[in-house]
Amino acid sequence: MAFFYLCRSKQKQMSNREIRVRFAPSPTGPLHIGGVRTALYNYLFAKKNGGKFILRIEDTDQTRFVSGAEEYIIEAFGWCGIRFDEGVTKGGKYGPYKQSERKAMYSEYAERLVASGHAYYAFDTAEELTTQRKNFEAEKKTFTYNAAERKHLKNSLVFSKSETQKLLQSGTPFVVRFKMPEDHVVRMHDLIRGEVIVNSNVLDDKVLFKSDGMPTYHLANVVDDHLMKISHVIRGEEWLPSLPLHVLLYEAFGWDAPQFAHLPLLLKPDGKGKLSKRDGDRLGFPVFPLQWTDPKTGETSSGYRESGYFPDAFVNMLALLGWNPGDEREVFSLEEMAEAFSIDRVGKSGSRFDPEKAKWFNHQYMQKKSNKELAAQFLPLIEKEGVMADMDYVEKVVGLVKERAHFVHELWEQSGFFFKAPASFDPKAVKKRWKQASYDQMMELKELLSGVGDFSSENTETVVKKWIEEKEYGMGAVMNAFRLLMVGALKGPHLFDIIALLGQEETLRRLEIGLFELGKKE
RNA sequence: GGUCCGUUCGUCUAGCCAGGUCAGGACGCCAGGUUUUCAUCCUGGUAACACGGGUUCAAAUCCCGUACGGACUACCA
């Protein structure tokens with residue numbers, strides 16, 4: 001009965017509360033694909049449930065600030081097509097959305113916790129604590145600022161009220177620490193992992209408010225999520241160990257906690273550990289959505305955008321790393337994914353990224369794109385090769401060759417011969433296909449094609465094949481030699497489609513050039 | 001070391017919560033087919049329940065243990 005009631009009340013609470021989720025990166029560098037995926041799941045969850053998706057910048061650590069990082073993050077989401085409903089640059093009624101701009105309010109919340117006995121002032125310096133840790137380590141023990149140790153340290157729990165007041169008023173640097181309750185069983189519910197239970201004795205008195213006047217992540221995150229009315233916190237698994245602290249903080253404030261979901265990590269493909277920013281390019285594929293140049297070292301890491309991935313293919317691939325729709329669909333748009341998304345179809349274990357599958361996705365998307373769109377992206381590459389091409393012509397070329405390419409940048413390799421007559425002939429192909437009879441046959445073919453009025457693919461194919469049959473030439477021998485003269489190699493689409501596009505004049509010209517270049521083989 | 005989390009083909013995964021299917025799909029790889037060539041494409045194949053106990057008529061599925069992997073263990077997020 002009690003269980004039933006619990007379920008019902010939870011249901012009710014869920015349906016009444018507006019769904020609001022946030023992605024809260026700290027601007028310490030470029031966002032890697034794991035971060036993008038976390039944001040994507042938040043976005044999908046919000047869209048699916050008709051909620052709001054918020055971008056909050058967590059810049060409470062001024063020492064780790066990296067210039068350009070915030071702009072990078074915003075640009076990356078723009079490229080991915082992930083749109084925010086509220087946040088930095090976007091605004092909203094719960095702003096400001098950058099924690100450094102909210103600085104003034106956090107101390108009040110820290111004080112509130114001290115006043116209610118849930119937190120206390122600590123005056124130990126960083127150096128003193130380091131020494132403590134070393135001493136403990138020497139005895140093979142681990143120093144923890146907890147109930148057992150705090151009574152031997154410098155804090156308002158051991159000092160008298162007046163002593164504490166004096167220290168505070170004299171401007172002695174201090175931090176505010178959470179007073180972790182003793183022997184308290186913390187029960188938490190995670191949307192992905194279910195029940196997680198931990199005893200508070202293994203937890204420590206985390207710093208909530210730093211001596212530089214800024215809150216730590218733990219305080220800022222709880223205060224802001226509450227103030228911004230966040231309903232679900234969907235974040236990386238690396239936060240799971242601090243979940244008890246966060247839950248206890250909500251309790252201490254007397255606030256309703258949001259629901260939590262801790263996402264499995266994206267793993268390094270070469271085995272060990274979670275993917276990190278430092279993996280840069282050493283893995284042989286980008287770990288960042290956009291190219292990034294470190295402002296300090298000048299070191300550049302490649303991005304998916306610059307590597308030629310389509311944003312929709314990239315996002316699609318990423319979404320399927322840890323989530324699946326429950327049916328066998330793999331290729332779908334952001335809208336379709338949002339429609340299909342649900343937290344309980346997110347897996348529990350970490351995933352390794354597969355570069356081969358990423359390429360396959362891009363190929364799939366490439367086939368779905370219109371020839372016009374691809375041609376527009378291809379045009380600059382053609383111009384780089386020194387060719388001025390007509391858009392209609394490029395579109396037709398793209399239509400013929402796109403199925404054999406994974407990326408737009410592979411298009412030139414597949415279709416260069418449509419724009420430039422072969423400058424050389426692949427020696428292997430010449431050896432294999434330019435035989436004794438080839439010269440005379442191509443001579444005849446030239447004659448034949450110069451007399452054709454309708455140069456459509458269908459018609460030239462009929463005419464040429466009929467001629468080959470009548471003369472009893474080998475189909476393979478003639479066609480390959482012909483291809484060699486048109487393309488310069490034994491590759492490319494249907495040959496009659498090629499010459500139809502090239503046109504009669506160019507076809508004859510290439511035959512002539514080829515005959516001259518390769519000559520008669522004795 | 002301590003705490004927590006995890007473990008199905010090489011990779012991404014379905015199946016697990018409500019035990020009973022030859023453990024399904026995709027990428028990759030291999031073979032065959034289509035093609036005048038290369039690629040695409042089509043067909044087929046390859047390959048997995050970490051291990052050990054227990055519960056049960058029956059376990060990938062429930063329970064316990066072991067191993068392995070991972071995260072966390074800062075006045076970083």
Side-chain angles (χ1 to χ4, degrees), chain A residues 24-28 58-61 63-64 122 124-126 129-130 133 137 140-142 144-145 173-177 190 192-194 196-199 201-204 206-212 214-218 220-221 235-244 262 264-265 267 269 271-274 317 320-331 344-345 347-361 363 367 401-406 410 414 429 432-433 464-465 468 474-484 487 489-496:
Chain A
S26 71
T28 56
E58 309 226 324
D59 56 347
T60 52
D61 185 357
T63 62
R64 293 211 305 160
D124 319 85
T125 64
L129 293 175
T130 309
R133 287 199 182 87
E137 216 172 298
K140 300 229 176 203
K141 288 194 290 185
T142 311
T144 318
Y145 209 120
F174 69 94
V175 300
V176 174
R177 283 182 182 271
D190 181 273
I192 291 170
R193 281 148 228 287
V196 179
I197 299 168
V198 129
N199 189 298
N201 288 349
V202 303
L203 274 15
D204 64 343
K206 277 272 177 298
V207 170
L208 301 178
F209 194 81
K210 301 183 274 184
S211 59
D212 66 357
M214 279 293 223
T216 60
Y217 170 83
H218 301 108
N221 143 287
R235 81 236 286 200
E237 194 186 339
E238 69 268 28
W239 292 110
L240 199 50
S242 42
L243 179 58
H262 290 87
L265 269 12
L267 274 17
K272 311 264 172 247
K274 67 169 175 175
M317 173 275 292
L320 259 1
L321 238 42
W323 170 81
N324 74 82
D327 53 42
E328 281 171 2
R329 277 180 298 167
E330 288 204 282
V331 176
D344 44 52
R345 293 212 65 87
K348 290 179 161 94
S349 48
S351 342
R352 248 173 271 277
F353 166 75
D354 180 4
E356 285 306 317
K357 187 118 186 196
K359 279 170 79 174
W360 177 81
F361 269 111
H363 179 256
Q367 306 322 305
V401 302
K402 72 172 174 184
E403 67 181 23
R404 52 225 310 139
H406 288 79
E410 288 174 356
Q414 295 296 339
K432 193 174 168 198
R433 292 300 190 179
V464 171
K465 282 189 171 168
I468 293 174
M475 184 73 80
V478 175
M479 291 304 293
N480 280 302
F482 187 18
R483 176 177 292 279
L484 186 56
V487 176
L490 298 177
K491 63 168 192 182
H494 190 58
L495 189 49
F496 296 102

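Chain identifiers are assigned alphabetically (A, B, ...) following the order of the sequence lines, protein sequences preceding nucleic acid strands; residue numbering begins at 1 within each chain.
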Is N324(A) near enough to rA14(B) that one of its side-chain N or O atoms lies under 4.0 angstrom from OP1 or OP2?
-> yes

List every contact pair, protein side and nucleotides 9-12 of chain B side both N or O, where the distance is under 3.5 Å.
unit_1: rC12(B); atom_1: OP1; unit_2: R352(A); atom_2: N; d: 2.9
unit_1: rC12(B); atom_1: O2'; unit_2: L320(A); atom_2: O; d: 3.1

F209(A) vs F174(A) aromatic rings, parallel, tilted or perpendicular, using cut-offs 30° and 60°?
-> parallel

When you compare the protein's N or O atoms with those of nucleotides 42-51 of chain B, which come within less than 3.5 Å of each other, and at what distance?
none

For rA23(B), which nucleotide is its Watson-Crick or G-U wobble mate, given both distances must be under 3.5 Å?
-> none

Please measure how far the P atom in rA48(B) lies from the corresponding atom in rC41(B), and state the result in whole Å.
-> 26 Å

Looking only at side-chain N and O atoms, does R345(A) come under 4.0 Å of OP1 or OP2 in rC17(B)?
-> no

With a 3.5 angstrom cut-off on both distances, give the Watson-Crick or G-U wobble partner of rC29(B), or none if there isn't one.
-> rG45(B)

rA58(B) versus rC16(B) - spacing of their C1' atoms, nearest Å = 16 Å

Would you indicate what P244(A) reaches in the nucleic acid, counting non-hydrogen atoms under 4.0 angstrom: base, sugar-phosphate, or nothing?
-> nothing

Now, which nucleotide makes the Watson-Crick or G-U wobble pair with rC76(B), with each of the two distances under 3.5 Å?
-> none

Please tell me if the side chains of E237(A) and R193(A) come closer than 4.5 Å, counting only heavy atoms from C-beta onward.
-> yes

Produce a footprint string for nucleotides 71-77 of chain B: one letter per nucleotide, 5' end first; B if the base is under 4.0 Å from any protein heavy atom, S if only the sugar-phosphate is, - if neither.
-> SS-SBBB

For V487(A), which contact category applies under a 4.0 Å heavy-atom criterion: base, sugar-phosphate, or nothing?
-> nothing

Could you walk me through whether D61(A) and Y217(A) pass side-chain hydrogen bond (donor to acceptor under 3.5 Å, both in side chains), step by step?
-> CA-CA 9 Å; D61(A) 185 357; Y217(A) 170 83; over 6 Å; no

Would you kindly check whether a donor in the side chain of H494(A) faces an acceptor in the base of rU35(B), or vice versa, at under 3.5 angstrom?
-> no

